[in-house]
Amino acid sequence: MRRLRRVYFDYELTPVIELDENQSRKLKTVLRAEQGDIVEILTKEYLAEGEIYIAGKKGVQVRILKKRPVCIPDYKFIVYQCIAKREYMDFIIEKYSELGVTDIIPVISNRSLDSLKSSAYERYIQIAKEAAMQCEREAVAVIHPVQKLERIKPAADENILFHERLGEKSIPKITSKNISIIIGPEGGFTDKEYSYLINAGFKAHTPINTILKAETAAVLFAGLVRLSINE
């Protein structure tokens, strides 16, 4: 069965909604939708089906036919991610969203980028939404404000630090559905940062005997945890 075209809508659902310029262009140009077509509209709270009412040069209006609450995951999966360069961080955010990470917290560490512009933060939010559309997830990963590493206070049931050398030489056995992990920057954590994170409540694991790039580690370890949650 052909899947319905889907777009994200940031505002309250009303009987007829008007999509913004970018959403309208995506529906008409990328998704090839036309007047009379049925489309899906995803919001923070609802997944709706609607009929394209008007598809003109100025934009697209959709008449809402039905809606239901979005399916919320039965787990909490938080990733503290040290900020990488733009192309790598964009890739990481996209893959986290596809893998079902529920919360992404950008982190400033000694060897990461030392700031996060508001434009980059807004781009991360948009990337998470687009990735959710692509893989048909209904709950979009929440992008939290940037946090300094020395202020992290993990509060999940299980908090895991993946480290290239100093961790327990095993794949973590995850028994909870409330988990956080932290992924370091290129070059890893300093000794001081590692000590702080362990004292803050993270448990270190080294499940693979290979030095990985930050973006590779992000996808591998987030996928590992996601699969463990499903077991």
Side-chain angles (χ1 to χ4, degrees), residues 76-132 140-169 171-172 174 178-226 228:
K76 187 82 165 176
F77 182 13
I78 304 166
V79 177
Y80 296 91
Q81 174 63 52
C82 293
I83 304 170
K85 293 179 181 178
R86 173 171 176 159
E87 62 269 29
Y88 303 127
M89 195 67 177
D90 288 359
F91 172 83
I92 289 168
I93 297 292
E94 178 185 69
K95 299 312 168 190
Y96 282 160
S97 184
E98 291 176 1
L99 287 167
V101 172
T102 59
D103 298 78
I104 302 169
I105 304 175
V107 173
I108 294 174
S109 69
N110 184 269
R111 293 171 178 152
S112 74
L113 296 187
D114 60 5
S115 64
L116 179 65
K117 294 181 179 179
S118 59
S119 58
Y121 177 78
E122 293 299 325
R123 189 176 70 251
Y124 296 166
I125 293 174
Q126 188 60 35
I127 289 171
K129 290 175 183 177
E130 291 295 330
V140 178
V142 176
I143 311 296
H144 291 263
V146 66
Q147 189 169 353
K148 291 185 177 180
L149 183 143
E150 61 268 22
R151 294 181 182 174
I152 293 175
K153 303 291 184 184
D157 294 338
E158 297 181 62
N159 304 288
I160 302 168
L161 185 163
F162 289 103
H163 196 276
E164 65 272 18
R165 290 190 176 91
L166 301 179
E168 182 179 310
K169 310 298 183 184
I171 295 174
I174 295 168
N178 181 12
I179 302 150
S180 78
I181 67 173
I182 184 164
I183 302 295
E186 291 293 336
F189 298 112
T190 65
D191 292 344
K192 183 178 179 180
E193 288 173 335
Y194 177 81
S195 295
Y196 171 81
L197 293 169
I198 295 301
N199 290 331
F202 285 96
K203 182 177 180 181
H205 283 268
T206 304
I208 184 170
N209 188 27
T210 304
I211 305 300
L212 302 175
K213 290 186 175 181
E215 64 272 22
T216 306
V219 176
L220 175 62
F221 296 138
L224 176 67
V225 171
R226 184 69 180 85
S228 298

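Note: hydrogens, waters and symmetry copies are ignored here, and every other heavy atom, side chains too, is used.
Aromatic ring centres of Tyr194 and Phe189: separated by at least 6.0 Å.
In terms of modelled atom types and a separation under 3.5 Å, the side chain of Glu122 and the main chain of Gln126 share no donor-acceptor contact. Remark: the backbone N or O of Asp191 is paired with a side-chain donor or acceptor of Ser195 at under 3.5 angstrom. In this structure, the side chain of Asn159 engages the main chain of Ala156 through a donor-acceptor pair within 3.5 Å. In this structure, Tyr124 contributes its side chain and Pro106 its backbone to no donor-acceptor pair below 3.5 Å. Ser180 contributes no side-chain N or O that, together with a main-chain N or O of Val79, makes up a donor-acceptor pair within less than 3.5 Å.
Annotation: the span from His205 atom NE2 to Ile160 atom CD1 amounts to 5.5 Å, rounded to 0.5 Å. Rounding to the nearest 0.5 Å places NZ of Lys129 at 10.0 Å from CD1 of Ile143. Atom CD1 of Ile125 is separated from atom CD of Glu130 by 13.0 Å, given to the nearest 0.5 angstrom. Atom CG of Leu161 is separated from atom CD1 of Ile182 by 6.0 Å, given to the nearest 0.5 angstrom. Between atom CE of residue Met89 and atom CZ of residue Arg123 there is a gap of 9.5 Å, rounded to the nearest 0.5 Å. In this structure, OG1 on Thr102 lies 8.5 Å from CG on Asn178, to the nearest 0.5 angstrom.
Of all the heavy atoms in Arg151 and Gln147, the pair that sits closest is O-NE2, 3.1 Å.
Between Ile104 and Ile92, every side-chain heavy-atom pair lies at or beyond the 4.5 Å cut-off. With a 4.5 Å cut-off on side-chain heavy atoms, Val146 and Val107 do not count as touching. Looking at Ile108 and Leu149, their side chains never come closer than 4.5 Å, going by heavy atoms from C-beta outward. A heavy-atom distance below 4.5 Å is found between the side chains of Ile171 and Leu224.
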Validation: residues 81-88 side-chain donor-acceptor distances under 3.5 Å, sequence neighbours left out:
unit_1	atom_1	unit_2	atom_2	d
Gln81	OE1	Tyr96	OH	2.5

Problem - Worked verdict on Tyr80 versus Ile78 for side chain to side chain contact (heavy atoms under 4.5 Å, CB included) - result: CA-CA 7 Å; Tyr80 296 91; Ile78 304 166; 4.1 Å; yes
Problem - Full working for side chain to side chain donor-acceptor pair (under 3.5 Å) between Thr190 and Asn110 - result: CA-CA 7 Å; Thr190 65; Asn110 184 269; 5.6 Å; no
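Using the six-membered ring where Trp is involved, Phe221 and Phe162 have ring planes that are parallel, under 30° apart on the 30 and 60° scheme.
Here salt bridge (charged side-chain N to carboxylate O under 4.0 Å, His left out) pairs that include residues 102-112, with residues two or more places apart or in two chains, are Lys76-Asp103.
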